[in-house]
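All values derive from a computational prediction rather than experimental measurement.
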Amino acid sequence: MKVATAAYPMDWLQNWAQYEDKIAAWVAEAAGQGAELLVFPEYGAMELATLAGEAAAGDLERSLHAVSERMEEAGALHAGLARAHGVHILAASAPVFDPALGARPVNRACLFAPSGAQGHQDKQIMTRFERDEWDVAPGGSLKLFETALGRVGILICYDAEYPLLARALVEAGAEILLVPSCTERLAGYWRVRIGAMARALEGQCVSVMSSTVGDARWSPAVDTNAGAGGVFGPPDTGFPATGVLAAGAVDAPGWTFAEIDRDRIAQVRADGVVLNATHWDEQAPRIGAVTTCALR
């Protein structure tokens, strides 16, 4: 399959029609180049706060509510585009107030299939900003999505820095890990990218990272953004020696494309030069006790 992963700039929107036109153009461009799976970034939906006006967009708490209130419409838009273009779309994540999960919002990314089927993944582990400033809460459990393109898991940004989350998805059968991200500096981008690459190595799978890019000075939450799209695999049989299937230019808006071959994932797991996914459980008996050796 061909995957497209976004380096996505957030814009000041004058009206809903402008947002519809923007998302439709992005989807049409990727689909027009043969992409079957499109991955938008974490918190890319924050641009929807601008539709509530400058005061709301510039206030942390009000912006959470403003975006959450638009997610039903945004979902319908993405679902329609997935059907129209025959593609799978991971829409940009958003703060969502879900009464079933408590009083505080979760960070939720929704996956849309061309069949009309859809599902969502909530972020598991919050960053310091999400905890201390926004009070965004961990959401529902990890999910494995059985799709026509393969078995897909989603690790939202910081979640990709935690190997046990990815391992749970790999053990459930994940072949592809989607990593939508939102980072304000180059260091943050590389933290998530290194995490995404490490998870591909450990799980002998493919990880697909998307990013927000550029300035959004109207927002106190996502005012600066640095990143790029990237697609990574294990540096092993059937994959590039670097593990990098594709990497976009940092801070350059647009799509990054790569081909993903599920047969190569199966092959490297069965007969790679190393067998990280198979040998994972051998760690358990080796970490039961750590011996301290004094060499002073």
Side chains of [X] and [Y] in contact at under 4.5 Å (non-hydrogen atoms):
{"X": "Ser210", "Y": "Pro180", "answer": "yes"}
{"X": "Phe129", "Y": "Leu60", "answer": "yes"}
{"X": "Asp21", "Y": "Gln18", "answer": "no"}
{"X": "Glu161", "Y": "Arg191", "answer": "yes"}
{"X": "Val206", "Y": "Phe239", "answer": "yes"}
{"X": "Pro114", "Y": "His85", "answer": "no"}
{"X": "His120", "Y": "Val106", "answer": "no"}
{"X": "Val170", "Y": "Arg269", "answer": "yes"}

Is it possible for you to say whether [X] and [Y] belong to one hydrophobic cluster, with membership spreading through side-chain heavy-atom contacts below 4.5 Å?
{"X": "Leu38", "Y": "Val3", "value": "no"}
{"X": "Leu275", "Y": "Val268", "value": "no"}
{"X": "Met71", "Y": "Ile89", "value": "yes"}
{"X": "Leu245", "Y": "Ile194", "value": "no"}
{"X": "Trp218", "Y": "Val67", "value": "yes"}

Would you check if the side chain of [X] reaches a backbone N or O of [Y] as a donor-acceptor pair within less than 3.5 Å?
{"X": "Thr5", "Y": "Thr256", "result": "no"}
{"X": "Asp59", "Y": "Glu61", "result": "yes"}
{"X": "Ser63", "Y": "Ala56", "result": "no"}
{"X": "Glu184", "Y": "Thr224", "result": "no"}
{"X": "Gln124", "Y": "Gly140", "result": "yes"}
{"X": "Thr183", "Y": "Ala226", "result": "yes"}
{"X": "Asp251", "Y": "Gly227", "result": "yes"}
{"X": "Glu42", "Y": "Cys182", "result": "yes"}
{"X": "Ser211", "Y": "Val213", "result": "no"}
{"X": "Arg151", "Y": "Gly173", "result": "yes"}

To the nearest 0.5 Å, how far apart are [atom1] in [X] and [atom2] in [Y]?
{"X": "Leu77", "Y": "Tyr19", "atom1": "CG", "atom2": "OH", "value": "6.0 Å"}
{"X": "Gln204", "Y": "Arg264", "atom1": "CD", "atom2": "CZ", "value": "15.0 Å"}
{"X": "Leu90", "Y": "Leu37", "atom1": "CG", "atom2": "CG", "value": "8.0 Å"}
{"X": "Thr147", "Y": "Glu175", "atom1": "OG1", "atom2": "CD", "value": "8.5 Å"}
{"X": "Leu165", "Y": "Ile125", "atom1": "CG", "atom2": "CD1", "value": "4.5 Å"}
{"X": "Thr127", "Y": "Asn107", "atom1": "OG1", "atom2": "CG", "value": "9.0 Å"}

For [X] against [Y], the heavy-atom pair lying closest together:
{"X": "Ala35", "Y": "Val87", "value": "O-CG1, 3.3 Å"}
{"X": "Met46", "Y": "Pro95", "value": "SD-CD, 3.6 Å"}
{"X": "Gly254", "Y": "Trp26", "value": "N-CH2, 3.6 Å"}
{"X": "Glu282", "Y": "Pro285", "value": "O-CD, 3.5 Å"}
{"X": "Ala91", "Y": "Phe40", "value": "C-CB, 3.9 Å"}
{"X": "Leu177", "Y": "Cys205", "value": "CD1-SG, 3.8 Å"}

Can you tell me if Gln283 has over 12 outside heavy atoms packed within less than 6.0 Å of its CD?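 Yes.
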Give a yes or no on whether Arg104 atom CZ has more than 12 heavy-atom contacts from other residues, nucleotides or ligands under 6.0 Å away.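 Yes - once you tally the heavy atoms of other residues, nucleotides and ligands closer than 6.0 Å, there are more than 12.
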Looking at Tyr158, is Lys123 sitting on its ring face, NZ or CZ under 6.0 Å from the six-membered ring centre and within 45 degrees of the normal?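 No, a cation-pi geometry is absent between Lys123 and Tyr158.
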Go through Val222 and Thr212 one step at a time and tell me if the side-chain contact (heavy atoms from CB on, under 4.5 Å) criterion holds. CA-CA 9 Å; Val222 292; Thr212 50; over 6 Å; no
Salt bridge between Glu54 and Arg217, side-chain N to carboxylate O under 4.0 Å?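 Between Arg217 and Glu54 there is no salt bridge, as every charged N stays at least 4.0 Å from the carboxylate O atoms.
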Applying side-chain contact (heavy atoms from CB on, under 4.5 Å) to Val244 and Arg193, what does each step give before you reach the verdict? CA-CA 11 Å; Val244 179; Arg193 174 170 168 170; 3.8 Å; yes
Given Tyr162 and Leu155, is the side-chain contact (heavy atoms from CB on, under 4.5 Å) satisfied, shown in steps? CA-CA 9 Å; Tyr162 292 89; Leu155 296 170; over 6 Å; no
Using distance alone, with no hydrogens and no angle criterion, decide if Glu69 and His65 have a side-chain donor and acceptor under 3.5 Å apart. no
side-chain contact (heavy atoms from CB on, under 4.5 Å) between Leu48 and Trp16: does it pass, once the steps are laid out? CA-CA 8 Å; Leu48 289 169; Trp16 175 259; 3.7 Å; yes
State yes or no: are the ring centers of Trp255 and Tyr8 separated by less than 6.0 Å?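 Ring-ring flag for Trp255/Tyr8: false, centres at least 6.0 Å apart.
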